[in-house]
There are 2 protein chains.
Amino acid sequence: MSAQEANDVLERLCNLQRMEARAFGLRYGLQPVQMEALTYLTQCNRYSNTPQAVAEYLGLTKGTVSQSLKVLEQKGFLRKQADNEDKRIVRLAPTTKGSNLAKKALFTRSLEPALAKTDSIKIAELTSALRSILRGMQQVHGRKAFGACHTCRFNENHEKNGYVCGLTREPLSVQDIQLICREHQYPH
Amino acid sequence: MSAQEANDVLERLCNLQRMEARAFGLRYGLQPVQMEALTYLTQCNRYSNTPQAVAEYLGLTKGTVSQSLKVLEQKGFLRKQADNEDKRIVRLAPTTKGSNLAKKALFTRSLEPALAKTDSIKIAELTSALRSILRGMQQVHGRKAFGACHTCRFNENHEKNGYVCGLTREPLSVQDIQLICREHQYPH
DNA sequence: TCCAATTAGTTTCGACTCAATACTAATTTT
DNA sequence: AAAATTAGTATTGAGTCGAAACTAATTGGA
């Protein structure tokens with residue numbers, strides 16, 4: 001019964017976020033899905049900046065996403081560059097114009113004002129509750145997590161020697177582990 | 001800084017919910033926006049079951065919504081009927097087929113399994129935190145609340161004599177006050 | 001009382017999203 | 001070396017969307 005209540009509020013909140021995202025994008029001539037792709041690309045790590053990853057993140061087909069990315073490129077919000085090692089792969093990098101817009105979008109629909117009165121301990125609790133819901137939903141529906149490395153079970157903290165990704169064995173900086181990864185998995 | 005974290009998780013959660021909603025609707029030949037309208041109509045009260053209210057709820061123009069509703073009617077998910085008092089107004093009532101589908105959709109993306117391990121006190125806290133975020137976001141962006149009557153400042157509890165809406169002066173049943181209202185306003 | 005303004009809803013149009021399908025090219029597997 | 005897989009693009013048709021023009025009912029003044 002209580003879960004139903006939480007459901008409704010969450011649903012409405014999602015709706016509202018989407019409304020604002022739509023309105024924001026419209027002001028800059030971008031469709032909601034284009035804004036979302038751009039935002040993702042400013043937040044993802046170097047393993048996750050491909051059209052395929054964007055498609056997985058947004059839950060759309062790669063054909064659909066390909067078109068949106070084309071528009072973003074034409075409008076100068078991102079650049080495409082072929083990968084050096086695997087020439088099938090396209091790397092997507094937001095331009096300065098693109099990342100500025102994404103930053104502005106994030107700021108506009110920040111929870112900051114809405115959380116202003118809430119103390120930081122409560123916010124931490126809220127975040128962890130939301131995270132556990134997210135994890136649960138992803139498990140139930142078999143979706144990828146797309147979390148940041150610092151919450152990933154493959155991320156290894158080698159203390160003074162920094163962080164290492166257990167999948168690629170590559171070292172990760174403090175900034176790296178804040179980014180979204182398509183290979184992300186929560187601890188068991 | 002912590003608000004940023006909550007933001008990200010919430011964003012991803014919204015994304016995921018939308019992906020599931022899309023996938024669910026697709027299985028029944030309905031577009032996401034049509035599912036949302038149908039779901040709204042099974043949850044709203046008798047002041048809020050019009051095309052205009054649906055448009056406000058979804059943040060779309062009435063022209064756009066009019067088309068979606070036409071499809072829903074053609075496919076037999078809802079019925080339109082003219083209002084008796086004001087003949088401009090169209091009342092939208094989900095058919096049995098429609099409300100069954102909406103129920104199924106709600107069940108499919110219920111938070112229940114994700115919250116299974118969480119105790120009910122925590123869930124109540126989570127809900128109230130989400131509600132305060134929702135309220136904050138609505139204030140910041142000047143949107144309507146669309147909450148249920150029991151959280152509305154116009155709702156009067158006359159104890160043994162039941163509930164009354166302070167706007168319409170109409171009596172409301174225990175079921176009524178669980179429904180979504182377009183006139184909803186949180187207490188000051 | 002009657003005409004203007006407002007309100008609820010529909011229709012039409014053009015730009016755009018989206019899934020499905022078919023396609024190219026690079027890489028991996030056998 | 002051929003077959004299978006993987007990453008991405010192009011095309012097509014159904015459908016969303018906002019804007020604008022429209023109808024019809026109601027309200028509000030003079």
Side-chain angles (χ1 to χ4, degrees), chain A residues 15 18-19 21-38 41 47-75 77-93 182-183, chain B residues 15 18-19 21-38 41 47-75 77-93 182-183:
Chain A
N15 243 323
R18 201 160 79 260
M19 283 163 66
R22 170 182 302 277
F24 179 89
L26 223 65
R27 271 177 257 143
Y28 295 88
L30 288 183
Q31 298 292 324
V33 73
Q34 293 165 357
M35 271 311 310
E36 280 168 54
L38 187 57
L41 288 170
Y47 311 131
S48 314
N49 59 355
T50 67
Q52 182 65 43
V54 175
E56 283 167 15
Y57 181 79
L58 296 176
L60 303 174
T61 61
K62 57 184 183 171
T64 297
V65 168
S66 179
Q67 297 171 70
S68 299
L69 295 174
K70 203 167 91 180
V71 176
L72 281 174
E73 192 192 19
Q74 282 165 357
K75 297 197 172 177
F77 291 105
L78 60 82
R79 264 192 306 274
K80 292 182 182 178
Q81 27 197 165
D83 187 88
N84 287 329
E85 297 179 5
D86 186 335
K87 283 171 188 166
R88 292 171 304 183
I89 295 176
V90 170
R91 298 285 166 191
L92 303 163
R182 65 186 295 197
E183 306 293 349
Chain B
N15 242 323
R18 202 161 77 259
M19 283 163 65
R22 173 183 298 281
F24 180 89
L26 223 65
R27 272 177 255 141
Y28 295 89
L30 288 184
Q31 299 290 324
V33 74
Q34 293 166 355
M35 270 311 311
E36 279 168 54
L38 186 58
L41 288 170
Y47 310 131
S48 315
N49 59 357
T50 66
Q52 182 64 43
V54 175
E56 282 167 16
Y57 181 79
L58 296 176
L60 303 174
T61 61
K62 56 185 183 169
T64 297
V65 168
S66 178
Q67 297 170 68
S68 300
L69 294 173
K70 204 166 91 179
V71 175
L72 280 174
E73 192 192 19
Q74 281 164 358
K75 295 197 173 177
F77 291 104
L78 60 81
R79 265 193 305 274
K80 292 181 182 178
Q81 27 196 165
D83 188 89
N84 287 329
E85 297 180 6
D86 187 335
K87 283 172 187 165
R88 292 171 303 181
I89 295 177
V90 170
R91 298 284 166 192
L92 303 162
R182 65 186 296 196
E183 307 294 348

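First the proteins, then the strands, lettered A, B, ... as listed; each starts at 1. All figures in this text were calculated on a predicted structure; none of them were measured in a lab. All values below come from the heavy atoms of this structure, side chains included, with hydrogens, waters and symmetry mates left out.
Using a distance-only test at 3.5 Å, with no hydrogens or angles considered, no donor-acceptor pair links the side chain of A:Lys75 to the main chain of A:Leu30. A distance-only check finds no donor-acceptor pair linking the side chain of A:Ser68 to the backbone of A:Gln34 [under 3.5 Å].
Counting only heavy atoms from C-beta outward, the side chains of B:Gln31 and B:Val71 never approach each other to under 4.5 Å. Under the 4.5 Å side-chain criterion, counting only non-hydrogen atoms from C-beta, A:Thr50 is not in contact with A:Val90.
Residue B:Lys87 places no side-chain N or O under 4.0 Å from the OP1 or OP2 atom of C:dA8.
B:Glu56 has its CD atom 12 Å from the P atom of C:dT7, to the nearest Å. Rounded to whole Å, the distance from OH on B:Tyr47 to C1' on C:dT7 is 20 Å. Regarding A:Glu85, its CD atom lies at a distance of 15 Å from the P atom of D:dA7, rounded to whole Å. Spacing between atom CD of B:Gln52 and atom P of C:dA8 amounts to 6 Å, rounded to whole angstrom units. Taking atom CZ of B:Arg88 as the reference point, atom P of C:dA8 lies 6 Å away to the nearest angstrom. A:Ile89 has its CD1 atom 10 Å from the C1' atom of C:dT27, to the nearest Å. Atom CG in B:Leu69 sits roughly 9 Å away from atom P in C:dG9 (whole-Å rounding). D:dG8 atom P lies 8 Å from atom CG of A:Leu92, rounded to whole Å.
Put simply, the residue from B:Val33, B:Leu92, B:Leu60 that forms a side chain to side chain contact (heavy atoms under 4.5 Å, CB included) with B:Val54 is B:Leu92.
For DNA chain D, the neighbouring residues in residues 57-64 of chain A, judged by any heavy atom under 4.0 Å, are A:Lys62, A:Gly63. Near DNA chain D, meaning a heavy atom under 4.0 Å from it, residues 22-36 of chain B has B:Gln31, B:Val33, B:Gln34 in order of number.
Note: B:Lys70 NZ to B:Lys80 NZ = 8.0 Å, rounded to the nearest 0.5 Å. Between the CZ atom in A:Arg91 and the CG atom in A:Leu41 there is a gap of 11.5 Å [rounded to 0.5 Å]. One distance of note links CD of B:Gln52 with OG1 of B:Thr61; it measures 10.0 Å at 0.5 Å rounding. Interatomic distance, CZ of A:Phe24 versus CE of A:Met35, reported as 5.0 Å (0.5 Å rounding).
With the nearest nucleotide of DNA chain C identified for both A:Val71 and B:Thr50, B:Thr50 has the one nearer the 5' end. If you find the closest nucleotide of DNA chain D to A:Gln67 and to B:Ser68, the one lying nearer the 5' end belongs to A:Gln67.
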